Asker: 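A single structure is presented below for examination.
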Amino acid sequence: MTKSQNYLKGAAVLGIAGIIVKILGAVYRIPLSNIIKDEGIGYYQTAYPIYVLLLTISTAGIPVAIAKLVSEKRALGDYRNAHKVFKVSLVGLVALGILTSLTVAVGAEKIVESIGNPNAYYALLALAPALLFVPIMAAFRGFFQGSQTMFPTALSQVLEQLFRVATGLGLTVLLLDKGLPMAAGGASFGGSMGAIIGAVTIIIIYLKRRSSIKDEIATTIISKEYSVRSIIKDLLLIAVPITIGSAIAPIMNTVDAALVFRRLQDIGYTSETANDLYGQLTGMAQTLVNLPQVFSIAISMSLVPAISTASARKARDELGGLISSGIRMTLLIGLPAALGMFVLAKPIIALLYFNNEPDVIASTGDILTYLSLGVVFLTLVQALTAIIQGLGKPIIPVRNLFFGALAKITLTYVLTGIPAINVKGAAISTVTAYAVAATLDFYYVIKMANADIDLKKILLKPLMSSLGMAAVAKLGYMAMSSVMPDKLATVGAVGLGVIVYGVLLIVTGTITKEDMAMFSKGGRIAGKLGRFLKSEKQ
């Protein structure tokens with residue numbers, strides 16, 4: 001197998017595993033919200049951004065750094081030092097994992113009290129084991145990816161998420177009688193159980209391959225000593241910039257959580273009501289907004305190598321075509337999702353979160369109405385970030401997202417403190433944050449690529465089709481809800497919208513032969529992945 005084929009196969013393995021993980025994660029929140037409702041979700045969502053931030057600090061850039069150094073040494077036939085990189089990294093990540101895990105285990109109570117939501121204690125404490133085992137996984141994943149063996153990473157990711165969902169939902173139900181704070185802790189412990197299973201899985205795979213790894217190390221002919229000091233230095237040079245970029249979103253979410261709680265209490269809400277509203281925002285409405293990312297992330301993953309190749313060959317026309325196609329395909333997903341949720345926000349919330357009180361459904365529907373518009377900008381940020389990375393300027397999207405984060409924090413503070421707006425101010429600030437980042441990213445893409453972009457083709461046609469779909473879906477819901485139950489009318493309106501959107505895409509010529517070829521290619525990749533996974537297991 002050629003290096004190119006091996007790379008593409010590895011990318012397909014990780015890409016589809018990533019999509020499975022995203023789908024499981026997004027779907028998980030819907031039954032969880034129906035079990036512990038907005039109050040329990042508020043506790044859960046208070047703990048989760050803190051966990052993600054600590055995890056980002058300890059692991060975000062390390063797997064990439066390990067993979068890069070391991071692959072470089074292996075390319076030179078220096079298998080001994082490639083494995084030394086892994087061993088040094090593993091020791092370092094275990095130390096970081098112990099530190100962050102102990103920080104949460106000892107300081108969980110003070111952390112949640114400082115945010116203003118003490119009932120989130122169990123939800124945060126339950127994530128302490130995950131902070132130990134995820135870094136261990138990161139070391140093994142980096143080593144295998146550097147060896148261009150993607151199956152261990154993909155399998156551990158999928159099993160991690162499966163056990164997270166199963167354990168989280170199971171414990172939530174079992175602990176419900178002990179109170180919502182404890183039930184939220186059970187939901188959080190799903191993350192720890194998933195991390196344990198994922199780590200054990202990838203360690204077992206490593207041990208099974210240990211003899212072949214030793215044989216490979218023995219073939220090293222020339223091996224200049226790679227000191228521990230040099231390994232640490234090289235790892236940090238790669239990992240620190242990536243970690244800084246990856247930390248922006250978790251920092252933004254953690255600060256946002258504290259601001260929302262404080263500002264809501266400043267305008268007269270009790271801590272319990274503030275928690276409920278935060279749960280509606282992040283655990284219920286935000287979950288639906290995140291669903292379209294499953295598809296936009298897949299598009300983004302394929303853009304980076306394609307853009308890189310065209311840019312390196314200075315193929316201006318090809319580059320313009322790729323950029324236009326990437327943006328247009330993203331809008332074909334983001335626009336209908338955003339407008340569909342905008343016009344059917346409350347019926348969709350009532351359909352999915354049926355176990356909540358009518359006032360909670362109404363309030364969450366209002367939040368989703370505002371937040372839904374962020375889908376367009378969020379999916380665009382992902383595509384444009386991939387394009388800019390492919391053009392060789394990875395720091396630019398990080399800087400632009402930082403500017404968006406500043407806008408979000410400012411608007412959250414101001415708008416959430418206005419009684420008539422309250423928690424919807426946080427939703428508006430989220431939309432604004434991604435709008436700022438997407439606008440700046442788009443400006444730099446046009447400036448850097450020096451390519452012709454047909455705005456009518458990539459924006460106007462998808463927008464017109466999406467507006468037509470939204471109008472028909474809304475009118476269809478109004479007509480059907482007068483003669484049938486609301487939930488059935490919602491399903492019917494969504495189905496009608498999908499059909500009308502497909503027809504409009506064809507009638508307006510928005511979907512091209514190239515797009516159909518892309519979908520066909522995606523199906524062939526999925527088939528090949530299935531056969532590959534089967535052969536690996538055997």
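None of the values given here were measured: they were computed from a predicted structure.
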Asker: Under 3.5 Å, side chain of Ser324 to main-chain N/O of Gly321, donor-acceptor pair present?
Answerer: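 Here the side-chain-to-backbone pair does not exist.
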Asker: Please tell me if the side chains of Pro118 and Glu109 come closer than 4.5 Å, counting only heavy atoms from C-beta onward.
Answerer: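 No, their side chains stay 4.5 Å or more apart.
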Asker: Only one of Gln161, Arg164, Glu160 forms a side-chain contact (heavy atoms from CB on, under 4.5 Å) with Leu24, so which one is it?
Answerer: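 Output: one option passes, namely Gln161.
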Asker: State, with a plain yes or no, whether a side-chain heavy atom of Val228 is found less than 4.5 Å away from one of Val88.
Answerer: yes
Asker: For Gln157 and Met137: C-alpha separation, side-chain torsions, deciding distance, then whether side-chain contact (heavy atoms from CB on, under 4.5 Å) applies.
Answerer: CA-CA 9 Å; Gln157 284 178 338; Met137 261 194 299; over 6 Å; no
Asker: Is it true that the side chains of Thr100 and Thr103 contain a donor and an acceptor less than 3.5 Å apart?
Answerer: no
Asker: Is the closest side-chain heavy-atom distance between Ser156 and Arg141 below 4.5 Å?
Answerer: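 Yes. Closest side-chain heavy atoms under 4.5 Å.
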Asker: Taking side chain as C-beta onward, heavy atoms only, is Ile323 less than 4.5 Å from Val445?
Answerer: yes
Asker: What pair of heavy atoms forms the shortest contact from Ala187 to Tyr28, and how long is it?
Answerer: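 That closest heavy-atom pairing would be O-OH, 3.2 Å.
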Asker: Any chance you could lay out the salt bridge (charged side-chain N to carboxylate O under 4.0 Å, His left out) test for Lys68 and Glu72, step after step, and finish with the verdict?
Answerer: CA-CA 6 Å; Lys68 186 176 188 299; Glu72 287 176 353; 2.4 Å; yes
Asker: Nearest heavy-atom pair of Ala139 and Ile66: which atoms, and what distance?
Answerer: CA-CD1, 3.8 Å
Asker: State, to 0.1 Å, how close Gly283 and Thr287 come at their nearest heavy-atom pair, and which atoms those are.
Answerer: O-OG1, 2.8 Å
Asker: Any side-chain donor-acceptor pair under 3.5 Å between Asp78 and Thr220?
Answerer: no
Asker: Say whether Tyr226 and Asp234, considering side chains only, have a donor N or O and an acceptor N or O under 3.5 Å apart.
Answerer: yes
Asker: Taking Tyr43's backbone N and O only, do any of them form a donor-acceptor pair with Asn275's side chain (distance below 3.5 Å, no angle check)?
Answerer: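 Side chain of Asn275 to backbone of Tyr43: a pair is present.
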Asker: Minimum heavy-atom separation for Pro292 to Val289, with atom names?
Answerer: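 The answer is CD-O, 3.2 Å.
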Asker: I would like to know whether Tyr413 and Arg262 meet side-chain contact (heavy atoms from CB on, under 4.5 Å); could you show each step before the answer?
Answerer: CA-CA 9 Å; Tyr413 182 85; Arg262 294 297 181 191; over 6 Å; no
Asker: Quick one: is the NZ or CZ of Lys73 closer than 6.0 Å to the six-membered ring centre of Tyr79, and within 45° of its axis?
Answerer: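 Verdict for Tyr79: no cation-pi partner in Lys73.
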Asker: Evaluate the ring planes of Tyr278 and Phe261, with Trp represented by its six-membered ring, and classify them as parallel (under 30°), tilted (30 to 60°) or perpendicular (over 60°).
Answerer: tilted
Asker: Sub-3.5 Å donor-acceptor pair from the side chain of Ser71 to the main-chain atoms of Gly146, do we have one?
Answerer: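 Not at all, since once roles are kept as given, no pair shorter than 3.5 Å links the two residues.
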Asker: With side-chain contact (heavy atoms from CB on, under 4.5 Å) as the criterion, how do Ile136 and Ile203 come out once you've worked through the C-alpha distance, each side chain's angles and the decisive distance to 0.1 Å?
Answerer: CA-CA 9 Å; Ile136 293 173; Ile203 290 171; 4.2 Å; yes
Asker: Would you please test Val436 and Phe377 for side-chain contact (heavy atoms from CB on, under 4.5 Å) and show each step?
Answerer: CA-CA 9 Å; Val436 168; Phe377 301 114; over 6 Å; no
Asker: With the side chain counted from C-beta on, respond yes when Val70 and Arg74 share a heavy-atom pair under 4.5 Å apart, and no when they do not.
Answerer: yes
Asker: Might you point out which heavy atoms bring Leu331 and Ile458 nearest each other, and give the distance in Å?
Answerer: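 Heavy-atom minimum between the residues: CD1-O, 3.1 Å.
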Asker: For atom OH of Tyr206, is the number of surrounding heavy atoms from other residues, nucleotides or ligands below 6.0 Å larger than 12?
Answerer: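 Above 12, so yes.
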Asker: Have a look at Phe442 and tell me which of Thr439, Ile446, Leu440 forms a side-chain contact (heavy atoms from CB on, under 4.5 Å) with it.
Answerer: Ile446
Asker: Do you know the tightest heavy-atom contact between Gly194 and Phe163?
Answerer: CA-CB, 4.1 Å
Asker: Are any of the side-chain heavy atoms of Lys110 and Tyr121 separated by less than 4.5 Å?
Answerer: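 The answer is no, as the side chains (C-beta and beyond) never meet within the 4.5 Å cut-off.
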Asker: May I ask you to test the Lys408-Thr430 pair for a side-chain heavy-atom distance under 4.5 Å?
Answerer: yes
Asker: Assess the pair Tyr51 and Tyr48: is the distance between their ring centroids shorter than 6.0 Å?
Answerer: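 Aromatic pair counts; centres sit under 6.0 Å.
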Asker: Is there a donor-acceptor contact under 3.5 Å from the side chain of Thr167 to the main chain of Gly190?
Answerer: no
Asker: Do side-chain atoms of Ser429 reach the backbone of Ala426 as a donor and acceptor pair under 3.5 angstrom?
Answerer: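 Side chain of Ser429 to backbone of Ala426: a pair is present.
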Asker: Are Thr412 and Arg263 side-chain neighbours, meaning at least one heavy-atom pair lies under 4.5 Å?
Answerer: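 No, too far: nothing below the 4.5 Å cut-off.
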Asker: For the atom pair OG1 (Thr219) and CZ (Arg80), what is the distance rounded to the nearest 0.5 Å?
Answerer: 9.0 Å
